[in-house]
Asker: 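Starting off with a structure, shown below.
Throughout, a chain's letter reflects where its sequence line sits, starting with A, and its residues are numbered from 1.
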Protein chains: 2
Amino acid sequence: MATGRTHRPATRSRGIPEATVARLPLYLRALTALSERSVPTVSSEELATAAGVNSAKLRKDFSYLGSYGTRGVGYDVEYLVYQISRELGLTQDWPVVIVGIGNLGAALANYGGFASRGFRVAALIDADPAQTGKLVAGLPVRHTDELEEIVERNQVSIGVIATPAGAAQEVCDRLVAAGVTSILNFAPTVLSVPDGVDVRKVDLSIELQILAFHEQRKAGEDLGEAVARGTLPKAAEEAADRPGPDGDVPAVMPA
Amino acid sequence: MATGRTHRPATRSRGIPEATVARLPLYLRALTALSERSVPTVSSEELATAAGVNSAKLRKDFSYLGSYGTRGVGYDVEYLVYQISRELGLTQDWPVVIVGIGNLGAALANYGGFASRGFRVAALIDADPAQTGKLVAGLPVRHTDELEEIVERNQVSIGVIATPAGAAQEVCDRLVAAGVTSILNFAPTVLSVPDGVDVRKVDLSIELQILAFHEQRKAGEDLGEAVARGTLPKAAEEAADRPGPDGDVPAVMPA
DNA sequence: CCATCTTTGTGCACGCGTTCACAAAGACAT
DNA sequence: ATGTCTTTGTGAACGCGTGCACAAAGATGG
């Protein structure tokens, strides 16, 4: 799904489908909100609406965790919060390092959603000596030279990469070598990691591109779609027009 | 009515499966890198490796776009870049507004990956009057009051929400009312939008939680996993006290 | 204790996405 | 031309995820 490695067992997650795992944080968020409002119980229908999913799907998801509901009543909010937290491993403290303290890295360091869910930013690391020592989100920025020592000393198993694309693979290699086994990658690159290391990626521009696709399709439907295909403002500068579906000899690139 | 519809109505997207659309930006990125190195052609095998996917999947993905390859040779890099760009709608200019210029909003405004793919940040909008007028990424921050006018004047169809969770739905409603039909949501909330409006969400803490799940599983295998599963799901339905983690800090509004 | 009502948990069917495996297409050499 | 070699494009099988629909479980009331 989001890994750099090609082969992934997928349903390796001890009976819990990967798709379900991806939704558990969603349920947890909705449940936490209910908990703060002191709501004692919630039905699958209500919770599903709050989480933005189908109620049948939610019940099936929960069924993988066990029978935690009461028929005719619903689910106990506090109990469910605890069960999901435990299943996700959020009842323990996860030290995290963030590498690359640019705009994005700083935003991540300041992101409140981490601390409230068991993640603790153990250190901020940047390659720029000018940044070293600067305080970001109350933490001093450390230099890349200290990466290995920081990871090992703090028993860090999760690393966040927010560096430029060019530096990501090297940072990744060093993190893995130092003991990190889970990586959240914000750099627009495919990371290659050894087996046993999980990589999830978040690419901001990819999400926008997917939106653009659908946006174009909407516009095309409204306008008869001839516009999108026929009127190409630019981009036709270097490449010759290619109206035909195929049959074109790929010889566009000169030498 | 539209609940937090994140569900896919269908795959009637011009016959191109949603999963394929989600991978096109990945291919495009890899192809762009090849293009910069002046590589004329590439085989499905090479490109698949560069993009981090299976080669058969890549070929099938491309087959939805048309027959753009040459058997025995591979794909013409420049030609393919153009075709994918066109399919994604990146040959035209997409004005985008970013609402919520906190750490994350500023990071997004400075993110170079947008401009290089046809996205133009038309305006930055924030509700804090103290921010108004401040320059971020070379653009002045405008006040929320101007939201509707900005969207309409610039024909903005894509909006990015980087506000706190509490403000997200209202901002969303106003964006939609002003004409926005695609929203990229970074706030940890389920947005409800009318039909015809696409919403994609990016939740930074959710990704970490998924990693934590797998991380715990890895550790559990090593330690015999008796620890994590110690308490069997008995009829412990009594909503008794949860001495557990306690780390349930009521901080529903990160960001 | 029985009847009724609510809501869970799940068997089942269906559709999408992935992967395999191979025939067809073209390049290239002879 | 003919044959060989490479690589694409795709038919088909398979597996996962989703959603329906309903029986079982428990609450609630008489």
Asker: Quick check: Y68(A) with Y79(A) (ring centres under 6.0 Å apart)?
Answerer: yes
Asker: From dT8(C), dG11(C), dG17(C), pick the nucleotide closest to the side chain of R71(A)?
Answerer: dT8(C)
Asker: What is the distance from CG of L47(B) to C1' of dG9(D), rounded to the nearest Å?
Answerer: 15 Å
Asker: Just by distance, with hydrogens left out, do T189(B) and Q169(B) show a side-chain donor and acceptor under 3.5 Å apart?
Answerer: no
Asker: OP1 or OP2 of dG9(D) sitting under 4.0 Å from any side-chain N/O of Y75(B)?
Answerer: yes
Asker: Let's see if you can work this out: which of dT8(D), dA27(D), dT8(C) has an atom nearest to the side-chain heavy atoms of T70(A)?
Answerer: dA27(D)
Asker: Could you walk me through whether D203(A) and R29(B) satisfy the side-chain contact (heavy atoms from CB on, under 4.5 Å) test, starting with their C-alpha distance in whole Å, then the side-chain angles of each, then the deciding distance to 0.1 Å, before giving a yes or no?
Answerer: CA-CA 11 Å; D203(A) 190 318; R29(B) 184 209 288 164; 2.4 Å; yes
Asker: Looking at OG1 of T41(B) and CD of E46(B), how far apart are the two atoms once the value is rounded to the nearest 0.5 Å?
Answerer: 7.5 Å
Asker: From OH of Y68(B) over to P of dG26(C), roughly how many Å is that when rounded to an integer?
Answerer: 16 Å
Asker: Look at S43(B) and dT7(D) and indicate whether a side-chain polar atom (N or O) is within less than 4.0 Å of OP1 or OP2.
Answerer: no
Asker: Using atom CG of L65(B) as one end and atom P of dT10(D) as the other, report the distance to the nearest whole Å.
Answerer: 12 Å
Asker: Side-chain N or O of R59(A) less than 4.0 angstrom from OP1 or OP2 on dC22(D)?
Answerer: no
Asker: Expressed as a whole number of angstroms, how long is the span from E45(B):CD to dC20(C):C1'?
Answerer: 13 Å
Asker: Please compare A56(A) and S44(B) by the position of their nearest nucleotide in DNA chain D and report the one closer to 5'.
Answerer: S44(B)
Asker: What is the distance from CG of L58(B) to P of dT8(D), rounded to the nearest Å?
Answerer: 9 Å
Asker: Identify, between D61(A) and G72(A), the residue whose nearest nucleotide on DNA chain D lies closer to the 5' end.
Answerer: D61(A)
Asker: Let's see if you can work this out: which of dT18(C), dC20(C), dT18(D) has an atom nearest to the side-chain heavy atoms of K57(B)?
Answerer: dT18(C)
Asker: So, under a plain 3.5 Å distance rule, would you say the side chain of K60(A) forms a donor-acceptor pair with the base of dG19(D)?
Answerer: yes
Asker: Using whole Å, what does the distance between atom P of nucleotide dT8(D) and atom OH of Y27(B) come to?
Answerer: 13 Å
Asker: Please tell me which of the listed nucleotides, dG9(C), dG17(D), dT18(C), lies nearest to the side chain of S63(A)?
Answerer: dG9(C)
Asker: Could you check Y82(A) against E78(A) for side chain to side chain donor-acceptor pair (under 3.5 Å), going step by step and ending with a plain yes or no?
Answerer: CA-CA 6 Å; Y82(A) 172 70; E78(A) 295 299 323; over 6 Å; no
Asker: Send over the distance from F62(A) CZ to dT10(C) P, rounded to a whole Å.
Answerer: 14 Å
Asker: Using whole Å, report how far OH of Y64(B) lies from C1' of dT8(D).
Answerer: 15 Å
